[in-house]
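Note that these values count all heavy atoms, side chains included, but never hydrogens, waters or copies made by symmetry. What you see is a predicted model, and the numbers here were worked out from it, not measured in a lab.
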Amino acid sequence: MAMRMDIDVVVGDDKLAFAGFGLTANVQGHVHIGDNMDTRGELWLNDGRYRAYGQRLTVRRARLLFAGPIDQPYLDIEAIRQTDDVIAGIRLSGSAEQPTTQIFSEPAMSQEQALSYLVLGRPLSTTGEDNNMLAQAALGLGLMGSSGVTSGLAKDLGIQDFQLDTQGSGNTTSVVASGNISEKLSLRYGVGVFEPANTIALRYKLSKKVYLEAASGVASSLDIFYKRDF
């Protein structure tokens with residue numbers, strides 16, 4: 001439906017804080033909303049902190065640039081970690097639906113070394129444990145770029161609350177896709193990164209605290225789980 005609009009939105013005259021997706025920041029900026037929700041403007045995320053790979057990263061620059069539909073801003077975000085004289089960080093750019101992720105460092109170095117400083121806070125060593133940890137982090141970065149596509153596919157298949165993430169560590173690292181088929185039935189599918197081990201599991205909620213799960217992979221199982229909060 002066509003809409004005629006002429007609205008100026010000013011954010012940040014009074015303190016507005018945002019917390020979510022591992023990010024905490026104060027929001028400030030100006031956006032004009034025109035006809036048919038066509039938007040022009042810019043929002044800044046100030047004094048931001050971002051949690052990634054067990055680290056609290058400092059948000060050095062974070063802007064949302066609007067030049068079109070209100071739900072499709074352009075991202076310009078850098079989150080960094082400083083170790084001695086080395087700055088390593090993550091740079092997000094492009095559309096919010098399908099952002100591009102890049103690891104960078106100051107001074108410039110290889111992507112592997114920059115990722116090591118970002119995750120471990122030190123240069124890359126030759127141990128297998130370091131390599132596995134960095135492989136998991138790199139895999140997580142790759143998933144960030146594909147989440148929009150996979151979420152859309154899951155929605156078409158009728159899977160709700162879809163999540164794509166990594167689990168485990170070292171040789172047991174796996175990519176895990178999960179979601180809810182109904183209120184009581186959920187599905188989880190894992191693919192091994194370093195080992196050819198795939199697992200599919202269906203979990204049925206019998207009550208608020210009791211679950212029945214059937215899993216098939218290297219070994220098949222049927223388990224009953226009891227959940228208790230402490």
Side-chain angles (χ1 to χ4, degrees), residues 7-33 39-106 111 114-122 133-134 136-151 160-169 175-179 229-230:
I7 302 173
D8 284 314
V9 181
V10 179
V11 180
D13 284 351
D14 295 323
K15 184 177 180 180
L16 176 63
F18 172 83
F21 311 105
L23 171 70
T24 58
N26 297 321
V27 185
Q28 187 176 17
H30 173 271
V31 175
H32 177 264
I33 304 175
T39 311
R40 297 290 185 273
E42 183 176 349
L43 293 179
W44 300 272
L45 302 178
N46 300 323
D47 305 319
R49 301 285 287 178
Y50 178 65
R51 180 175 292 277
Y53 310 118
Q55 307 298 325
R56 290 284 291 179
L57 306 181
T58 300
V59 179
R60 182 164 68 175
R61 182 178 72 248
R63 300 187 300 164
L64 302 179
L65 308 175
F66 295 87
I70 193 170
D71 60 346
Q72 298 179 20
Y74 184 91
L75 304 182
D76 178 24
I77 299 173
E78 284 187 0
I80 64 171
R81 176 184 183 181
Q82 183 164 0
T83 304
D84 298 328
D85 296 328
V86 176
I87 294 176
I90 304 175
R91 182 179 293 120
L92 296 178
S93 59
S95 69
E97 289 185 341
Q98 195 68 20
T100 299
T101 307
Q102 180 184 7
I103 298 294
F104 69 95
S105 65
E106 300 170 2
Q111 290 276 294
L115 185 58
S116 180
Y117 271 103
L118 180 66
V119 178
L120 306 176
R122 53 180 168 79
M133 187 179 298
L134 294 179
Q136 182 180 4
L139 180 61
L141 288 171
L143 295 179
M144 289 173 63
S146 63
S147 59
V149 176
T150 51
S151 295
Q160 303 174 352
D161 301 324
F162 179 80
Q163 294 182 354
L164 188 62
D165 204 351
T166 60
Q167 288 185 1
S169 61
V175 181
V176 178
S178 61
D229 296 328
F230 293 92

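In this structure the side chain of Val11 never reaches within 4.5 angstrom of the side chain of Trp44, judged on heavy atoms. Counting heavy atoms from C-beta on, the side chains of Leu45 and Asn26 never come closer than 4.5 Å.
Scored by the side chain to side chain contact (heavy atoms under 4.5 Å, CB included) test, Ser105 finds Met109, Ala114 as partners (sequence neighbours excluded). Among residues two or more places apart in sequence or in another chain, the side-chain hydrogen bond (donor to acceptor under 3.5 Å, both in side chains) test is passed with Gln82 by none. For the salt bridge (Lys or Arg N to Asp or Glu O under 4.0 Å) test, residues two or more places apart in sequence or in another chain that qualify with Asp76 are Arg61, Arg63. For the side chain to side chain contact (heavy atoms under 4.5 Å, CB included) test, residues two or more places apart in sequence or in another chain that qualify with Thr100 are Ser93.
Between Thr24 and Ala19, the shortest heavy-atom contact is CG2-CB, 4.1 Å. The two residues Leu64 and Pro73 make their nearest non-hydrogen contact at CB-CB, 4.5 Å. Considering all non-hydrogen atoms of both residues, Val59 and Arg49 come closest at CG2-N, 3.8 Å. Here the closest non-hydrogen pair linking Asp8 and His30 is OD1-NE2, 3.5 Å.
Note that OG1 of Thr39 is 8.5 Å distant from CG of Asp71, once rounded to the nearest 0.5 Å. Distance check, rounded to the nearest 0.5 Å: CD1 of Ile77 to CG of Leu92 gives 5.5 Å. Separation of atoms CD1 (Ile80) and CZ (Phe104) is listed at 6.5 Å; rounding is to 0.5 Å.
Side-chain atoms of Thr58 and Arg81 include no donor-acceptor pair closer than 3.5 Å.
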Identify every side-chain donor-acceptor pair in residues 83-91 under 3.5 Å, counting partners at least two apart or on other chains, and give the distances.
from	atom 1	to	atom 2	distance (Å)
Arg91	NE	Glu78	OE2	2.9
Arg91	NH1	Gln102	OE1	3.3
Arg91	NH2	Glu78	OE2	3.0

